[in-house]
Amino acid sequence: MAFRSNEMMKKILKRVGGDDNLIPGLKETLKKYVPDSKIVMGRAKRGLFAGRHIQFGNRVSEDGGNKTRRSWKPNVQDKRLFSYILDRHIRVKVTTHALRCIDKAGGIDEYLLKTPYQKMDTELGLIWKAKIEKMYEELGKMDVVFFSLEDEAKLDQGFKDLKVAERAARRDFRRKFYGWKARPKPGEQGEAGAAPVDGEGSLHHDEHEPLVANA
């Protein structure tokens with residue numbers, strides 16, 4: 001259950017990908033805030049517990065006051081939290097206290113960015129915090145382009161035309177695959193009042209000729 005700062009720093013640097021992926025000065029900050037020796041429960045290294053760990057105490061009986069050793073474990077939940085910086089869901093084990101802290105901060109990204117390193121007492125929290133800060137710095141260096149109203153209207157119309165073309169392509173594929181025939185449009189039926197012509201060229205009459213019975 002006990003771990004040393006040197007072993008923890010090696011694991012963090014290995015997960016992040018080396019010293020090159022860290023912000024300048026972040027390694028010294030990590031060494032400053034990572035404790036030299038601290039007791040943390042084993043599964044707390046694999047989640048965000050926000051300072052909630054296993055506690056030990058006594059169970060006192062009502063009659064004789066006999067004391068029995070017992071422990072209190074934190075309420076841990078397996079959740080999928082969405083990260084806007086990573087643009088995907090993160091499956092992580094969190095305590096109910098950590099969930100309230102994340103909701104108060106405004107999301108998992110804001111919680112990792114706002115929480116100081118001395119409060120990130122778990123290995124997974126320090127690793128995710130270093131990753132998010134690195135990606136947040138890279139996003140800040142990217143150029144932002146603003147479109148005019150005319151360009152936005154053109155892009156919107158282009159997306160609509162693309163959707164219409166995709167629907168037409170799917171419809172044509174289904175017709176060819178299932179052997180369906182396209183319905184003729186009202187303007188393609190020919191002149192008004194003209195009766196359709198059969199394959200042999202004779203006019204097709206809807207009314208059938210009366211049958212004459214043999215005498």
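Below, all heavy atoms of this structure are taken into account, side chains as well, without hydrogens, waters or symmetry copies. Each residue takes its place number in the sequence, starting with 1.
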Could you grab the distance from atom CG of L162 to atom CD of Q157, nearest 0.5 Å is fine? 11.5 Å
Mind checking the CD1-CG spacing from I108 to L112? Nearest 0.5 Å is all I need. 4.5 Å
Can you give me the closest heavy-atom contact between R52 and P74, atom names plus distance? O-CG, 4.0 Å
Who pairs with K129 by salt bridge (Lys or Arg N to Asp or Glu O under 4.0 Å), at least two apart in sequence or on another chain? E133
With sequence neighbours excluded, tell me which residues meet salt bridge (Lys or Arg N to Asp or Glu O under 4.0 Å) with E166. R170
Under 3.5 Å donor-acceptor pairs involving side-chain atoms of residues 80-94, not counting sequence neighbours:
{"residue": "S83", "atom": "OG", "partner": "L86", "partner atom": "N", "Å": "3.3"}
{"residue": "S83", "atom": "OG", "partner": "D109", "partner atom": "OD1", "Å": "2.7"}
{"residue": "S83", "atom": "OG", "partner": "D109", "partner atom": "OD2", "Å": "3.3"}

Please name all residues satisfying salt bridge (Lys or Arg N to Asp or Glu O under 4.0 Å) with E110, sequence neighbours left out, ordered by chain then number. none
Should T95 and N75 count as side-chain neighbours, where that means a heavy-atom distance under 4.5 Å? no
Could you give all pairs that pass the side chain to side chain donor-acceptor pair (under 3.5 Å) test and reach residues 56-66, with sequence neighbours left out? N58-R69
Check side-chain contact (heavy atoms from CB on, under 4.5 Å) between E150 and all other residues, then give those that pass, not counting sequence neighbours. S148
In this structure, CG of L149 is separated from CG of D156 (nearest 0.5 Å) by 12.0 Å
Between F56 and W72, the two heavy atoms sitting closest are C-CZ3, 3.6 Å
